[in-house]
Visitor: 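This is the structure, below, for whatever I ask next.
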Amino acid sequence: MRLPRNFKSIAVAIAGVFLGCCLNALFLEYLVKCDPGAGTMATFAQYLFIAVEGFINTYKFGTAKRYIPFKSYLTIVATFFTCNVLNNYVFDFNISMPLHMIFRSGSLITNMAMCKFILNKKYTGMKYLSVGLITLGVMICTIVTGQEVSGDKGKGIDMDNSFFWWSIGVLILVLALFASSLLGIYQERLYKKYGKHPNEALFFTHLIPLPAFLILYSNIKEHFIMAVNSPPLNLPVINYPVPETLLYVAGNVITQYICIKSVYKLTTEASSLSCTLVLTLRKFVSLLISILYFDNGFTIGHWIGAFCVFIGTLLFTELLQLFVSEFTKKKDTKKYKKKRL
């Protein structure tokens, strides 16, 4: 089996996806445990960091050529900004990290629906089966988690409105899924017209929305003050105390940069099928880390739901069919060689 010429680049990108994205989920969970409302502040820090880095390295302090018209970025920016803010803001509504990860894995559901009604795309029966499995998995996890949240009242916890706010959080997750699917469709159209320029797109999608964070200024300021006043943690080696929440925000920002940069790199080096597979496996690994490392409550119902989502995603990407086809070919080849002998 011959390796592709760009095997090294693909391997580096995959390593960056797993390392950056899994560590990002780790830091985000630490951050949410310290301050559930710090998601918006973390989002702003991510946008600011990537915009400054892109202005220096990609846009060359404003001297580099722009390939995609500025106006074309506005729709991407509005959708991308909305999607990111919603996904990070949702932790304020009693949404657990495992449920958040499983819900985001259900993006194929909304993507398929949007492509069918907007782009008039047709799908095979296997695609519908896979999306049905994903939908079932998300529904199982949502129902099981909903029962746990509503059951908290019986434990003497002062959460009269906990189920109501949790339901709002689930609704926000659904809206974020549709926003993400719309973003993917528009990006696909834009890249077909102007070509793929991932670094430029990464820079402008993080630069343009920065003024919009002024609307969320009071929320960002409030949680920044809380972060500065959080208990200190001593940094290893230098043994210097840093506020705990600020340390997790910094870790979240840096790992988010590695994660998103690696994802953009992977899309230019590998096929869309390979990218989907890598991102699906990464989400599954992040889910396992969240469950095992943070000891998040995960019942048999959650495992069944997660399994349905994972298998459904593999069916959608046709990876299982590819494995079966390759296995059948190898068996036929061995039989043919034995007959010749």
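This is a predicted model, so every value here is computed, not measured.
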Visitor: Taking the side chain as C-beta and beyond, is there a heavy-atom pair between Arg66 and Phe204 under 4.5 Å?
Guide: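 A side-chain contact under 4.5 Å exists here.
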Visitor: For the residue pair Ile208 and Phe70, establish whether any side-chain heavy-atom pair is separated by less than 4.5 Å.
Guide: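 When only atoms from C-beta onward are counted, Phe70 and Ile208 do touch, with a gap below 4.5 Å.
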Visitor: Quick check: is Leu48 connected to Leu28 through a chain of hydrophobic side chains (ILVMFWY, heavy atoms under 4.5 Å apart)?
Guide: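 Yes.
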Visitor: Hey, any chance Leu216 and Leu210 share a hydrophobic cluster, counting ILVMFWY side chains that come within less than 4.5 Å of each other, even indirectly?
Guide: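 Leu216 clusters together with Leu210.
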Visitor: Compare every heavy atom of Ala227 with every heavy atom of Pro243, then report the nearest pair and how far apart it is.
Guide: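 Smallest heavy-atom distance, with atoms named: CB-O, 3.3 Å.
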Visitor: How many angstroms lie between CD1 in Ile168 and CD1 in Ile172, if you round to the nearest 0.5 Å?
Guide: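 The CD1 atom of Ile172 is 7.0 Å from CD1 of Ile168, to the nearest 0.5 Å.
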Visitor: Using 0.5 Å steps for rounding, measure from the CD atom of Glu222 to the CG atom of Asp35.
Guide: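 Glu222 CD to Asp35 CG: 8.0 Å, rounded to 0.5 Å.
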Visitor: When you compare the side chains of Asn252 and Gln256, does any donor N or O come within less than 3.5 Å of an acceptor on the partner?
Guide: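 No, no side-chain donor-acceptor contact under 3.5 Å.
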Visitor: Phe203 versus Val52: any side-chain heavy-atom pair under 4.5 Å?
Guide: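 No - every pair of side-chain heavy atoms lies 4.5 Å or more apart.
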Visitor: Taking the side chain as every heavy atom from C-beta outward, state whether Leu207 and Phe55 have any atom pair closer than 4.5 Å.
Guide: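 When only atoms from C-beta onward are counted, Phe55 and Leu207 do not touch, as no gap falls below 4.5 Å.
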Visitor: May I ask you to test the Lys261-Asn199 pair for a side-chain heavy-atom distance under 4.5 Å?
Guide: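 In contact.
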Visitor: Under the side chain to side chain contact (heavy atoms under 4.5 Å, CB included) criterion, do Tyr73 and Ile68 qualify, and how do the steps go?
Guide: CA-CA 8 Å; Tyr73 278 116; Ile68 300 175; 3.5 Å; yes
Visitor: Answer with yes or no whether the hydrophobic clustering places Leu31 together with Met226; edges join I, L, V, M, F, W, Y residues whose side-chain heavy atoms lie under 4.5 Å apart.
Guide: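 Unlinked, Leu31 and Met226 end up in two clusters.
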Visitor: Could you report the tightest heavy-atom contact between Ala64 and Thr58, atom names first, then the distance?
Guide: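 Result for this residue pair: CB-O, 3.5 Å.
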Visitor: List the atom of Pro209, the atom of Phe81, and the distance in Å for their closest heavy-atom pair.
Guide: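 Nearest pair, atom of Pro209 first, then Phe81: CB-CD1, 3.5 Å.
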Visitor: Measure from the side-chain N and O atoms of Ser230 to the backbone N and O of Thr245, and report whether any donor-acceptor pair falls under 3.5 Å.
Guide: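 The answer is yes, because a donor-acceptor pair under 3.5 Å joins these two groups.
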Visitor: Run the numbers on Leu266 and Ile14 for side chain to side chain contact (heavy atoms under 4.5 Å, CB included), then give the verdict.
Guide: CA-CA 7 Å; Leu266 188 64; Ile14 291 174; 3.9 Å; yes
Visitor: Decide yes or no on side-chain hydrogen bond (donor to acceptor under 3.5 Å, both in side chains) for Glu53 and Tyr257, but give the supporting numbers first.
Guide: CA-CA 10 Å; Glu53 188 278 336; Tyr257 172 73; 2.9 Å; yes
Visitor: Counting only heavy atoms from other residues, nucleotides and ligands, does the tally under 6.0 Å from CZ of Phe18 exceed 12?
Guide: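 Result for CZ/Phe18: enclosed.
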Visitor: So which atom in Leu23 and which in Thr255 form the shortest heavy-atom distance, rounded to 0.1 Å?
Guide: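 Looking at all heavy atoms of both residues, the shortest contact is CB-CG2, 3.6 Å.
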Visitor: Give the cluster check for Val228 versus Tyr217: same hydrophobic cluster or not, with ILVMFWY residues linked at side-chain heavy-atom distances below 4.5 Å.
Guide: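 No, separate clusters.
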Visitor: Is there side-chain contact between Ile311 and Leu133, with heavy atoms separated by less than 4.5 Å?
Guide: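 Ile311 reaches Leu133 side chain to side chain.
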Visitor: Rounded to the nearest 0.5 Å, how far does SG of Cys34 lie from NE2 of His223?
Guide: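 Here the rounded value is 13.0 Å.
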Visitor: Please determine whether ring-ring contact (aromatic ring centres under 6.0 Å, His included) holds for the pair Tyr194 and Tyr67, giving the CA-CA distance in whole Å, both sets of side-chain angles, and the decisive distance to 0.1 Å.
Guide: CA-CA 7 Å; Tyr194 298 104; Tyr67 295 94; over 10 Å; no
Visitor: Hey, could you give me the NZ/OG distance between Lys265 and Ser9, rounded to the nearest 0.5 Å?
Guide: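 Those atoms lie 5.0 Å apart.
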Visitor: Of the non-hydrogen atoms in Met41 and Val249, which two are nearest, and what is the gap between them?
Guide: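 For Met41 versus Val249, the nearest heavy atoms are CE-CG2, 3.6 Å.
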Visitor: What are the two closest heavy atoms between Leu246 and Phe224, and how far apart are they?
Guide: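 For Leu246 and Phe224, the tightest heavy-atom pair comes out as CD2-CE1, 4.0 Å.
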Visitor: Quick one: are Thr40 and Phe44 in side-chain contact, heavy atoms under 4.5 Å?
Guide: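 SC-SC contact between Thr40 and Phe44 ruled out.
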Visitor: Atom CD of Glu244 and atom NZ of Lys33: how far apart are they, to the nearest 0.5 Å?
Guide: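 Atom-to-atom, Glu244:CD and Lys33:NZ are 12.0 Å apart.
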Visitor: Report the C-alpha separation of Leu233 and Tyr248 in whole Å, then their side-chain angles, then the decisive distance to 0.1 Å, and conclude whether the side chain to side chain contact (heavy atoms under 4.5 Å, CB included) test is met.
Guide: CA-CA 10 Å; Leu233 280 179; Tyr248 295 147; 3.6 Å; yes
Visitor: Taking the side chain as C-beta and beyond, is there a heavy-atom pair between Asn24 and Phe27 under 4.5 Å?
Guide: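 Contact flag for Asn24/Phe27 side chains = no.
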Visitor: Spell out, as yes or no, whether a donor-acceptor pair under 3.5 Å connects the side chain of His206 to the backbone of Ile50.
Guide: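 Checked: no pair found.
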Visitor: As an exercise, state the distance from OG1 of Thr63 to NZ of Lys60, rounded to the nearest 0.5 Å.
Guide: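 Answer for the OG1-NZ pair, Thr63 versus Lys60, is 8.0 Å.
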Visitor: When hydrophobic residues are tied together by side-chain contacts of less than 4.5 Å, even through go-betweens, does Val77 share a cluster with Leu214?
Guide: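 Each belongs to a different hydrophobic cluster.
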